[in-house]
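The structure presented is a predicted model; accordingly, all values stated were derived computationally and were not measured. Only heavy atoms go into these numbers, but all of them, side chains included; no hydrogens, no water, no symmetry mates.
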Amino acid sequence: MELSARTQLILATTAGCLILSAWLVETYTQSPFYVLFYILAFIVGGYAKAVEGIQGSIEEKQLNVELLMMFAAIGSAAIGYWGEGAVLILIFAYSGALESYTLQKSDKEIKSLISLQPEEAWLLSGDQEIRVNASSLEPGNLIKVKPGERIPADGIVLKGKSFVNESALTGESFAKEIELSSEVLAGTLNQTGLLEVSVTKHMKDSVFQRMIDLVNRAQSEAPPVQRKIEEFEAKYVLFVLLAAALTVLVPGSTGMWSYSESLYRACVLLVVASPCALVASTMPALLASLSNAAKQGILFKSGVFLEKLSMVNVIAFDKTGTLTEGNPSVTSVKYVHPSIKEEILIPIIYTIEKNSTHPLAKAILKKLEPDYKDNQKKLISYEDIPGLGVKAEAAGIQWKIGSRELTGITEKRESKLIEDLTKDNEVTGQTVVYVTADNELAAYFLIGDTVRDEAIDAIEALKQKQILTLMLTGDSKRGAEMIGRLAKVDEVGYSCMPEDKVNTVKRWKERQAVVAMIGDGVNDAPALAVADVGVAMGMGSDAAIETADVVLVKNDLSKLLYAMRLSERLSKIVKQNIIFSIGVILFLLLANFFQVLTLPFGVIGHEGSTILVILNGLRLLKG
């Protein structure tokens, strides 16, 4: 059973009082009973680490650092250095309490997140308000959220206005204004107004619950550096025990030192050679970083990816919803079929697009919905083609809605069709969606989307870091290059199918680049999986979020830069800790060999370095 940091601190302090009592009894009374106080200090102070060491050795079937320190303390007592052994136990207990505090600090962040998830909700059923368990809410349920309550599920506002505090998810301290059709997230605080919300996701699928799951998963998986240290630890402990045995036998047998001095130096060696600081170099710093990132709305599925993010030198971006706002709108539309009238054509387009979740389809629906919401047609068949558009059959006609490649429109014809429509809209970037009926052009929509301000700033900052930026999109060459110019990316890939995005990522990886892919759509998921680090926008598709290694809870690319800086700081601090801990061990070993290091100073040097390493890692708790 693992003790809390508070309990370990109490035990360590009690051990310190017992050591003080032993010293007073020994100094002022000359009574031999001072040994009892030291024995009690050994038991009280060493209990937590002894249990941890024994359990760890049994489970892993190998020796560990905790047992090494127990051997050193017992060895010190065996040759009459009760005080030194007790102080070793004391400082080791305090460093263990500090390390537990680091681990439990991260657990506390998770528990504080969980506490923000409301357990109950007001379900609206007809004219009644029913108090129900929040976990029982289904997509499509209508709920009421009163001022001062936390929102129990992800959903869309159908009625009301308010200000919602999303700091628990995004780290933003300012409340966000919410109105009709705004998206709201579970766990956020409704501050002022009364809201009626249509639930869009089960609790287990909410952004909030995913955040908790991701942080839990990240904390349980050690990064490569830590795994290498842990693999090294078991072999190193055996080496130290062998070195200690040789220190007793060789100098004593050769007359270099007396056996008493040899035994003393072996005990000092056990203390100073123990790799406690080295073992603590990575995990406390990693956990502090993960906790910091979670507060900012940046979720890592594993510490591996937090460590790897600082190595990235090529970043590929999806366009819609990543570099752009993802809320495109129709700026112009032309209906050009020679024989199908608009009153027949438009309801069919509306019906087909209603089955798609693509942002461009939503823009078309928003344009057509006011007049054709209640005039839908029957579909015979429907097929979604990721990266290109959709195919459907209705009214005995084969329909295609999507890109130029899907509909068979030539680039030359495209330029001619839209030449007179882009003059006033070029600043927003334009995408063209074509509609064909039995392969004959029936209509085309000119759709504008706005490049995010933070995307432009983020790309500029990435360039300053000498990171190559790519944009990969299924959009046409003209639309893609226009957005690329506005976002100022280095290279633009257009008319990309999902496999094209994957191949682009693979090509850069073959050039020994460390590649990150950032996207939000189903068609981005394969590339996110192939990239060294896949980053999903939190408001994106479930497929993207499930596949990605990192999730930006809000679609804010400035958080990517924050994560990269945090990764760089983590890498720097881990290197500092490793170099410092190895340096201290070598220095103390040398001092012991030349007989200038006493056991108390060896204890202070060794355990002091461990505490300093942990404190250095804890600096990552803050931005």
Side-chain angles (χ1 to χ4, degrees), residues 15 19 22-23 26-27 30 32 34-39 41-43 45-46 49-50 53 57 62-95 232-279 579-613:
I19 291 170
W23 178 78
E26 183 182 13
T27 303
Q30 305 298 317
Y34 74 88
V35 174
L36 292 176
F37 287 100
Y38 278 131
I39 291 173
F42 269 66
I43 295 171
K49 283 296 180 182
S57 292
Q62 58 188 22
L63 295 173
N64 52 38
V65 170
E66 286 76 16
L67 287 184
L68 192 62
M69 297 308 294
M70 292 301 108
F71 294 153
I74 292 169
S76 300
I79 59 174
Y81 291 91
W82 285 97
E84 287 84 347
V87 170
L88 170 60
I89 290 290
L90 176 66
I91 300 178
F92 195 48
Y94 271 117
S95 68
F232 166 76
E233 178 189 346
K235 298 175 183 177
Y236 182 77
V237 168
L238 288 174
F239 170 77
V240 171
L241 289 173
L242 178 61
L246 292 174
T247 301
V248 173
L249 296 173
V250 175
S253 301
T254 58
M256 180 179 174
W257 297 335
S258 66
Y259 276 108
S260 175
E261 178 68 11
S262 297
L263 190 57
Y264 181 81
R265 290 297 151 198
C267 288
V268 176
L269 185 145
L270 282 175
V271 173
V272 301
S274 178
C276 294
L278 184 62
V279 171
I579 292 171
F580 174 73
S581 58
I582 292 175
V584 169
I585 289 173
L586 293 175
F587 173 77
L588 294 177
L589 284 173
L590 196 63
N592 183 45
F593 179 77
F594 285 107
Q595 298 177 273
V596 294
L597 182 69
T598 61
L599 186 55
F601 282 107
V603 170
I604 292 169
H606 173 265
E607 294 301 331
S609 66
T610 303
I611 290 172
L612 286 174
V613 160

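Between the side chain of Ser76 and the main chain of Ala72, a donor-acceptor pair closer than 3.5 Å is present. With Tyr236 contributing its side chain and Ala273 its backbone, the two residues share a donor-acceptor pair below 3.5 Å.
Partners of Phe71 under the ring-ring contact (aromatic ring centres under 6.0 Å, His included) rule, at least two apart in sequence or in another chain, do not exist in this structure. Residues that satisfy the side-chain contact (heavy atoms from CB on, under 4.5 Å) test with Ile604, not counting sequence neighbours, are Ile91. Taking the side-chain contact (heavy atoms from CB on, under 4.5 Å) definition, one finds that Thr27 meets it with Trp23, sequence neighbours left out. Residues passing the side chain to side chain donor-acceptor pair (under 3.5 Å) test with Tyr34, sequence neighbours excluded: none.
One finds the OG atom of Ser274 at 7.5 Å from the CD1 atom of Ile585 (value rounded to the nearest 0.5 Å). The distance from the CZ atom of Phe594 to the CG atom of Leu589 is 12.0 Å, given to the nearest 0.5 Å. Atoms CD1 and CE, on Ile89 and Met70 in that order, are 3.5 Å from each other to the nearest 0.5 Å. Taken from CG in Leu586 to CG in Leu590, the straight-line distance is 8.5 Å, to the nearest 0.5 Å. Atom CD1 of Ile74 is separated from atom SG of Cys267 by 10.5 Å, given to the nearest 0.5 angstrom. Atoms OH and OG1, from Tyr264 and Thr247 in turn, are 14.0 Å apart once rounded to the nearest 0.5 Å.
Note on residues 595-606: pairs passing side chain to side chain donor-acceptor pair (under 3.5 Å), not counting sequence neighbours, are Trp257-Gln595, Glu261-Gln595. Screening residues 593-603 for salt bridge (Lys or Arg N to Asp or Glu O under 4.0 Å) gives no qualifying pairs among residues at least two apart or on separate chains.
Using a 4.5 Å heavy-atom cutoff, the side chains of Ile39 and Trp82 are in contact. In this structure the side chain of Glu26 reaches within 4.5 angstrom of the side chain of Tyr38, judged on heavy atoms. Looking at Leu241 and Leu270, their side chains come closer than 4.5 Å, going by heavy atoms from C-beta outward.
Across every non-hydrogen atom of Ala77 and Phe42, the tightest pair is CB-CZ, 4.0 Å. Cys276 approaches Thr610 most closely through the heavy-atom pair CB-OG1, 3.5 Å. Nearest heavy-atom pair across Ala266 and Val248 is CB-CG2, 3.4 Å. Leu269 and Ala243 get closest at one heavy-atom pair: CD2-CB, 4.1 Å. The minimum heavy-atom distance between Ser262 and Pro251, with the atom names listed, is OG-CB, 3.7 Å.
Within a 6.0 Å sphere centred on CZ of Phe580, other residues, nucleotides and ligands contribute more than 12 heavy atoms.
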